[in-house]
Amino acid sequence: MQVNGERFLKDLHALRQFGASGVGKGVVRPAYSGADIAAREWLAGQMDAAGLEPRFDTVGNLFGLAPGRSLLMGSHSDSQPEGGWLDGALGVVMALEIARATQEAGGPAVSVANFQDEEGRFGVTTGSAIWSGQLPLDKADRLTDSAGVTFADARSAMAHLAGEPIDPARFTGFVECHIEQGPWLHEAGQAIGVVTDIVGIRDMTITLEGEQNHAGTTPMHRRRDAFQVLSAFNTALNDRLRNVVTPQSVWTIGHVDLHPGAHSIVPGRVTFSMQWRDGDTGRLKRMEDVIRQTATEVAAERGMALSFSGMLGLEPVAMDRGLRAALGAAAQDLVPGRWREMQSGALHDATNVAALMPAAMMFVPSIGGISHAFAEDTDEADLLTGLEVMARALPDLCKAH
Ligand code: GLV
Ligand code: MN
Ligand code: MN
């Protein structure tokens, strides 16, 4: 089977035009935005041209179906609010090229998946969580984004495309190629990562409420300042988490809404995101306990009201051994000494799909380890190596189950 590197890169660059940020190669293509829907419609056209049957499900997951039973490959084409051109897009476009090339060569059947809202505008890997049956649609519909828009409202923008559910039983397994999004492959001069497991995640919103007041007249000792308390919480949390974490554990306060947000007002309320990730379920729980306990103590000390939202999460998931072995053997053939097995600290649709069928992932390097930023990039030579390794692995990926 002969993959066409030029055609693959051309498609990747074409997809980048949907929501191009104008800053580097970055994209702004959040789930259900105009750019996201236009990109999905374009991809459906490419699937059609490749002889696959394009089908959208009720939430905008797009599948390009090969006839009969097939291996499913893919990822997602939605982006973070400020995203890179390869996060998700690489896996979808690589799947398209592999599906085309195998069809041209009369090889094993490959279908393509392009999941919706992997980046979690509404949750965490929302589209594949729904498809895999782990997130009920009625629960998803009640999720809101940071502007208060509900998932139900957002997905109605794609209602005209929605079709019947896609039966997972038609697929023998799932393989996702992705950029690493971390520094290790690039730093080591390696070309390929074969993923052993994907970490778990917990995500919630915390609100601290004190007293809004005048920034000139309110003495410091009388203030119940939401920002000061958030700051104290963050310092205490970093200190206390040290007792339970490993170097692989991560935690992030990525979104802060300080009310009312004016120079001359002592802020009365803060609502902020609290997310943490680790490869061990027990440690995720211990981190949760520390987070809740620290927030409770800091809020009580400063006379603040405290509330926690519901928590979203995904469990750590191991990748399928047979599929992993196929990817590793192909990497060993094509880039001996320049590949490794590694954990994924980023979340991926493969986490959800693994509940339905054997699933595996392959990484290519990210320059400087940068992702979820306009500056995200990968050398084209590494993108092409990834395509060649996947093509080499295909017969074994199809045989593995
Ligand atoms: C997915 O993009 C993640 O946040 O890991
Ligand atoms: Mn991604
Ligand atoms: Mn991402």
Side-chain angles (χ1 to χ4, degrees), residues 12 15-16 19 21 25-31 33 36 39-40 43 61-62 73-95 112-129 135 145-146 174-184 193 195 197-204 248-255 273-279 284 312-317 319 342-354 359-366 369-378 383 386:
L12 259 184
L15 180 52
R16 181 166 73 79
S21 69
K25 292 180 181 165
V27 296
V28 178
R29 208 164 55 218
S33 61
D36 169 57
R40 280 170 200 275
L43 281 163
N61 293 317
L62 167 63
M73 299 181 78
S75 190
H76 63 96
S77 63
D78 60 297
S79 83
Q80 287 287 328
E82 292 195 1
W85 71 299
L86 296 168
D87 179 355
L90 171 63
V92 176
V93 172
M94 184 179 292
V112 179
N114 176 14
F115 291 106
Q116 183 53 292
D117 196 28
E118 191 276 347
E119 297 293 6
R121 174 178 165 196
F122 293 94
V124 182
T125 60
T126 323
S128 56
L135 175 60
D145 70 3
S146 57
F174 177 67
V175 182
E176 178 171 6
C177 177
H178 207 281
I179 49 166
E180 181 201 340
Q181 308 184 275
W184 309 119
V195 176
D197 59 308
I198 303 174
V199 300
I201 188 171
R202 301 289 182 265
D203 191 288
M204 67 176 170
Q248 275 72 45
S249 317
V250 293
W251 59 98
T252 308
I253 296 174
H255 184 265
S273 62
M274 185 75 239
Q275 184 190 90
W276 61 106
R277 308 185 189 206
D278 194 272
L284 285 168
L312 292 172
L314 293 171
E315 300 310 312
V317 172
M319 297 289 92
M342 63 189 297
Q343 185 180 60
S344 174
L347 264 298
H348 296 289
D349 294 306
T351 286
N352 296 317
V353 182
M361 290 197 72
M362 186 186 88
F363 285 164
V364 297
S366 292
I370 302 285
S371 188
H372 285 188
F374 292 149
E376 169 196 289
D377 207 357
T378 296
L383 296 175

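Both ligands and their constituent atoms are indexed starting at 1 by order of listing. The basis for the numbers below is simple: all heavy atoms, side chains too, and nothing from hydrogens, waters or symmetry mates.
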Under 3.5 Å: N/O of His372 near N/O of ligand 1: yes
Interfacing atoms of ligand 1 (cut-off 4.0 Å, heavy-atom, Ala346): 5 (O)
Nearest non-hydrogen protein atom, atom 2 (O) of ligand 1: Glu119 OE1, 2.7 Å
Enumerated ligand 1 atoms positioned under 4.0 Å from heavy atoms of Leu347: 1 (C), 3 (C), 5 (O)
Distance-minimising heavy-atom pair for Asp278 and Ser249: OD2-OG, 2.6 Å
Donor-acceptor under 3.5 Å (Asn114 side chain, Leu62 main chain): no
Asp78 (side chain) donor-acceptor with Glu118 (main chain) under 3.5 angstrom: yes
Crowding at CH2, Trp184 (>12 non-hydrogen neighbours, <6.0 Å): no
Mode of Arg277 contact toward ligand 1 - side chain, backbone, both, neither (heavy atoms, under 4.0 Å): side chain
Metal environment of the Mn ion (ligand 2), protein N/O/S under 2.8 Å: His76 NE2, Asp87 OD1, His178 NE2
Intermediate values then yes/no, side-chain hydrogen bond (donor to acceptor under 3.5 Å, both in side chains), Asp87 and His178: CA-CA 7 Å; Asp87 179 355; His178 207 281; 2.9 Å; yes
4.0 Å heavy-atom contact, Gln181 with ligand 1: no
Thr351 vs Thr125 side-chain heavy atoms within contact, under 4.5 Å: no
Test item: Ile198 and Met361 side chains (from C-beta on) under 4.5 Å apart, heavy atoms: yes
For Trp276, all residues meeting ring pair (Phe, Tyr, Trp, His ring centres under 6.0 Å), sequence neighbours excluded: none
Arg202 CZ to Met274 CE distance, which is reported to the nearest 0.5 Å: 13.5 Å
Under-4.0 Å heavy-atom contact with ligand 1, by part of Glu118 that carries it: side chain
